[in-house]
Colleague: 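Sharing a structure below in structure tokens format, with a few things to ask.
Order of the sequence lines sets the chain letters (A, B, ...), proteins ahead of strands, with each chain counted from 1.
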2 protein chains.
Amino acid sequence: MESSIAIEALSALAHPGRIAVFRLLVRAGAEGAPAGDIARALDTPANTMSAQLAILTRAGLIRSRRESRSIIYTADYPQIAALLGFLMEDCCQGRPEICAPVAAMAACCPSPAEKAQ
Amino acid sequence: MESSIAIEALSALAHPGRIAVFRLLVRAGAEGAPAGDIARALDTPANTMSAQLAILTRAGLIRSRRESRSIIYTADYPQIAALLGFLMEDCCQGRPEICAPVAAMAACCPSPAEKAQ
DNA sequence: TCCATATTTCCATTATTATAGAAATATAGA
DNA sequence: TCTATATTTCTATAATAATGGAAATATGGA
């Protein structure tokens, strides 16, 4: 991942309204949520929410699809993973115990390989 | 983690100079690096670097210790893990495959439990 | 004490970003 | 076609952040 891409994503997240939107969508999973529902849930005017969703979209963190009159937003999980990977690149340097806290954080999401064990 | 804490950390990272410092320190491990070395490595004036280090420190992402005339900076791994955890909180919702890309990102850092297997 | 090195603080200029009212656009249904 | 709903775009004002020169502070050694 390019540094400039990561910075755009981090800038997008570094805002009280937008991080709330992001976390709502991370929790919402693949179904996502329509713009209006998000605006109501976070008690934000529709045009302000529209700007926030546009910024998160341009940053690659979320995606949208139209469904009838609504626009449904979803988290872009692979892109999010790429951002986290960029932040922690080469964190181990042969001593995994250094960044063990990071691995522990990810323990909620066992990989398919780990689930098979 | 409080939302305001996460925003301060993300704001600190959302900057070309500061994310370069952050990643340099993530790679540097527990030994860290002195301010002057970091400034030289990233070709940044000492006062500008000082401001950048201060912002990352205030955001809780890095720590410093004095060693003779130098100030050594290190990444604060537990705090970083807490930030990543905040971003991905409740990402699974009973369906771990949704955020599998995130788990795959963390595969470089097997936890002690995983290493024992 | 005096000097060199390492880092930080002060400051002013310049540039970027946030907010929401009002208007515009898109879709669906009567 | 007309109306209601859903969302976005346009716009101006207000607030915040980045940069690096110059000066200040802290440490160690002669």
Colleague: Do any of residues 45-72 of chain B sit with a heavy atom less than 4.0 Å from DNA chain C, and if so which?
Modeller: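 Heavy-atom contacts with DNA chain C come from B:A46, B:N47, B:S50, B:R69, B:S70, B:I71.
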
Colleague: Donor-acceptor pair, distance only, cut-off 3.5 Å: does the side chain of A:R23 make one with the backbone of B:D90?
Modeller: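 The answer is no, because no donor-acceptor pair under 3.5 Å joins these two groups.
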
Colleague: Does B:Y73 have a side-chain nitrogen or oxygen under 4.0 Å from the phosphate oxygens OP1 or OP2 of C:dT8?
Modeller: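 It does, given that an N or O in the side chain of B:Y73 lies less than 4.0 Å from OP1 or OP2 of C:dT8.
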
Colleague: Could you state the CD1-C1' distance from A:I7 to C:dT16, rounded to the nearest angstrom?
Modeller: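 That distance rounds to 15 Å.
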
Colleague: Quick one: are B:L25 and B:T74 in side-chain contact, heavy atoms under 4.5 Å?
Modeller: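 Contact flag for B:L25/B:T74 side chains = no.
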
Colleague: Using 0.5 Å steps for rounding, measure from the CG atom of A:L42 to the CZ atom of A:R18.
Modeller: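 Here the rounded value is 13.0 Å.
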
Colleague: Checking the side chain of A:R66 only, and the main-chain atoms of A:S68 only, is there a donor and an acceptor separated by less than 3.5 Å?
Modeller: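 Such a contact is found between A:R66 side chain and A:S68 backbone.
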
Colleague: Near DNA chain C, which residues from residues 12-37 of chain B have a heavy atom under 4.0 Å away?
Modeller: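 Under 4.0 Å from DNA chain C: B:P34, B:A35, B:G36.
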
Colleague: Distance-only, no hydrogens or angles: does the A:S11 side chain make a donor-acceptor pair with backbone N or O of A:I7 under 3.5 Å?
Modeller: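 Yes.
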
Colleague: With clusters defined by side-chain heavy atoms of hydrophobic residues (ILVMFWY) lying less than 4.5 Å apart, directly or transitively, does B:I55 cluster with A:L10?
Modeller: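 In one cluster: no.
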
Colleague: Just by modelled atom types, is the A:V26 backbone N or O under 3.5 Å from a matching donor or acceptor in the A:Y77 side chain?
Modeller: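 Yes, the answer is positive, given that a donor and an acceptor are paired below the 3.5 Å cut-off.
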
Colleague: A:L53 and A:T57: which non-hydrogen atoms are nearest, and at how many Å?
Modeller: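 Distance-wise, the nearest heavy atoms are O-OG1, 2.7 Å.
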
